[in-house]
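Just follow the structure's listing: the first ligand is 1, and inside any ligand the first atom is 1. The figures here come from the full heavy-atom set of this structure, side chains too, leaving out hydrogens, waters and symmetry mates.
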Amino acid sequence: MCELATEATYVHHHKQKLVLVLSAMRHFARELRQQGFKVHYVTLDAQDNSGSFFSEIESVLARSGCQHVVLTEPAEYRLQDQFRHWQQQHPQWQIDICEDDRFLCSHGSFRRWAQDRKQLRMEYFYRQLRQEYGILMEQGQPAGGQWNFDRENRKPLPANKVMPTQPQFMPDEITLDVIKLVESRFGQHFGSLESFHHAVTREQALLQLSHFLDSSLPLFGDYQDAMRQDEPWLYHSLLSTSINLGLLNPLEVIQAAQERWQQGQAPLNAVEGFIRQIMGWREYVRGLYWLYMPEYASRNYLNAYRSLPSFFWSADTDLNCLQQCISQTRDYAYAHHIQRLMVIGNFALLAGLDPEQVSRWYLEVYADACPFNCLYWDFMARHESLLSQNPRLGLTYRQLHKMDEEQQQVLQQSARIFLKSLDQTD
Ligand SMILES: Cc1cc2nc3c(=O)[nH]c(=O)nc-3n(C[C@H](O)[C@H](O)[C@H](O)COP(=O)(O)OP(=O)(O)OC[C@H]3O[C@@H](n4cnc5c(N)ncnc54)[C@H](O)[C@@H]3O)c2cc1C
């Protein structure tokens, strides 16, 4: 196992993410050793850290006389490309690259599903996986007579609802060491380390899972799309880091949620909604990534080239929703999917921010009134020729056309003024 500075800096990862990954690696190495495995571990600050995966593997092979390398396929195109290249350059060794079991659908299965389809709809992909794995199925039919209970999952959050608390995993000695290391080596990266509380071991991840199942799953569906001021977690599970790191397997999480429904401890709309995020969205987004990379990363369908404003790093903005989402991201390295999608993602879309510039958040912006409304309608008007045929946008365009000419002009004029202010804050 090898800690590489280049992996921490090829983009400037949030400091909590660096601590999470390095601490989880160190804890895992310790567990393996306790189980009797021989682990060769190169720390970031080791004097002989060569700075490259390949030279580290080669030096182990040279020292041990091993001829056979078994590794899991990297989760990023960039690394997979490097590893395939390295594999081809070294026919003298047997190098087996195994599929990543942190996902349920292999690249090949996704490609076969996508082949010859005019549209790649997440919903159909998700149904197929449900059938394949027999999740929420009853005699070949979806449990409850329908595949998707999203209509029941859009309830507004009552003002007096008290949110569940979240387990706080206090940093142990290993994590404290890593915190010091990250602060000294990557102190200039985005994020605060004060509130580091992520699960870094399987034991902690299992605690997080059972806490979620007990305290949040029953209402996960009802308030899945909700947001509330100063409430970063709501009924979300906080399990993405553990699933991504491999501390939890996605199928065990899905089955644990299914079991709660089978035992009558959580309603179907909640359990289906939760399972759809993992079995549906998580697998589907990953499938698209591998299907379309490497050109996927540079697609820019709407020709958006505006650079990101600096409040993406500082959270210093009068736009309250963005301020909340970005400051929570700085403090916890977390935002739930509605914040990522509806607030930050929508802002980027509506404001025409360059999709490739996600790491360049250095512009600063000042705005006095919430511009989402005018940005939204201006965006729709600007892209009408491209978007109006989309069946999901029919209602939106009917609403736009119902507005009188003057109203449309006011909205577009306000949007232009706001967008200009973004360009002028460099
Ligand atoms: C613009 C954008 C960027 C995102 N970037 C990432 C990312 O880099 N890494 C990442 O793991 N997730 C990403 N997500 C998905 C999602 O926002 C996070 O997984 C989720 O917020 C993590 O919080 P949670 O574990 O409390 O999720 P919960 O709401 O409790 O959901 C349960 C699980 O379902 C999966 N999930 C939930 N929502 C989504 C979604 N929209 N797409 C895919 N999987 C989902 C995750 O594994 C999550 O742990 C992104 C979503 C959006 C809209």
Side-chain angles (χ1 to χ4, degrees), residues 11 13-14 16-17 20-21 75-77 100 102-105 110 122-123 125-126 129 135 150 153 163-167 190 197-199 204-205 208-227 231-258 260 266 269-290 296-297 308 312 322 325-326 328-329 332-350 353 355-356 358-359:
V11 295
H13 292 295
H14 191 299
Q16 285 198 23
K17 182 174 174 184
L20 171 73
V21 173
E76 268 180 86
Y77 187 88
D100 186 345
R102 288 169 302 175
F103 292 89
L104 305 174
C105 180
F110 192 86
M122 191 287 287
E123 180 63 29
F125 167 75
Y126 161 63
L129 274 194
I135 297 294
D150 226 11
N153 288 355
M163 294 300 113
T165 53
Q166 289 295 340
F190 179 63
H197 60 268
H198 299 278
Q204 291 176 341
Q208 180 82 47
L209 173 62
S210 63
H211 177 85
F212 166 72
L213 296 171
D214 293 341
S215 64
S216 302
L217 178 64
L219 289 177
F220 177 90
D222 284 3
Y223 305 122
Q224 194 188 341
D225 286 358
M227 286 198 286
E231 289 288 356
W233 327 117
L234 304 177
Y235 292 91
H236 293 282
S237 68
L238 276 61
L239 288 173
S240 54
T241 50
S242 297
I243 303 174
N244 292 350
L245 283 172
L247 299 176
L248 295 174
N249 180 278
L251 195 56
E252 76 177 320
V253 177
I254 289 168
Q255 285 169 340
Q258 176 177 250
R260 292 299 170 113
N269 71 308
V271 173
E272 188 282 316
F274 178 69
I275 288 176
R276 181 160 19 90
Q277 301 311 312
I278 302 179
M279 189 164 240
W281 284 112
R282 183 171 182 271
E283 298 286 334
Y284 171 79
V285 169
R286 184 227 189 199
L288 290 182
Y289 173 85
W290 285 105
Y296 201 33
L308 303 195
F312 269 64
L322 281 166
C325 295
I326 294 169
Q328 283 167 20
T329 303
Y332 306 115
Y334 177 87
H336 59 71
H337 74 130
I338 292 299
Q339 293 172 312
R340 297 189 208 199
L341 182 68
M342 299 297 187
V343 180
I344 302 174
N346 251 347
F347 177 80
L349 176 71
L350 300 179
L353 303 188
E356 273 206 283
V358 286
S359 62

Quick check, are the ring centers of W233 and H197 under 6.0 angstrom apart?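 Close enough - the centres of the two rings lie under 6.0 Å apart.
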Query - Ring centre gap for Y223 and Y235 strictly below 6.0 Å - result: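 Ring centres of Y235 and Y223 closer than 6.0 Å.
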Hey, does [X] sit under 4.0 Å from ligand 1 if you only count heavy atoms?
X	answer
Y334	yes
F212	no
A335	yes

[X]: numbered ligand 1 atoms lying under 4.0 Å from its heavy atoms:
X	result
F274	32 (C)
H236	26 (O), 28 (P), 29 (O), 30 (O)
F220	28 (P), 29 (O), 30 (O)
H336	21 (O)
L239	25 (O), 49 (O)

Test of understanding: given a 4.0 Å heavy-atom threshold, classify the contact between I344 and ligand 1 as side chain, backbone, both, or neither.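 Within the 4.0 Å criterion, I344 makes no contact with ligand 1.
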Can you pull out the closest protein heavy atom to [atom]? Residue, atom name and distance to 0.1 Å, please.
atom	value
atom 47 (O) of ligand 1	R282 CD, 3.3 Å
atom 19 (O) of ligand 1	S240 CB, 3.6 Å
atom 16 (C) of ligand 1	H337 CB, 3.9 Å
atom 45 (C) of ligand 1	Q277 O, 3.7 Å
atom 5 (N) of ligand 1	R340 NH1, 3.5 Å

| message | Any nitrogen or oxygen of L341 lying under 3.5 Å from a nitrogen or oxygen in ligand 1? Just yes or no. | response |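 L341 vs ligand 1: no N/O contact under 3.5 Å.
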- Message: Polar contacts were defined as any N/O atom of the residue lying under 3.5 Å from an N/O atom of the ligand; does this apply to W281 and ligand 1?
- Response: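 Min N/O separation from ligand 1 is not below 3.5 Å for W281.
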So do [Y] and [X] actually touch side chain to side chain, heavy atoms under 4.5 Å?
X	Y	value
L341	N346	no
S237	F274	yes
T329	F190	yes

Item checked: Modelled atom types, side-chain donor and acceptor of D222 and N269, under 3.5 Å ->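 Checked: D222/N269 side chains pair up, N/O donor to acceptor below 3.5 Å.
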Do you see a protein non-hydrogen atom under 4.0 Å from atom 32 (C) of ligand 1?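 Answer yes: something from the protein, a heavy atom, is under 4.0 Å.
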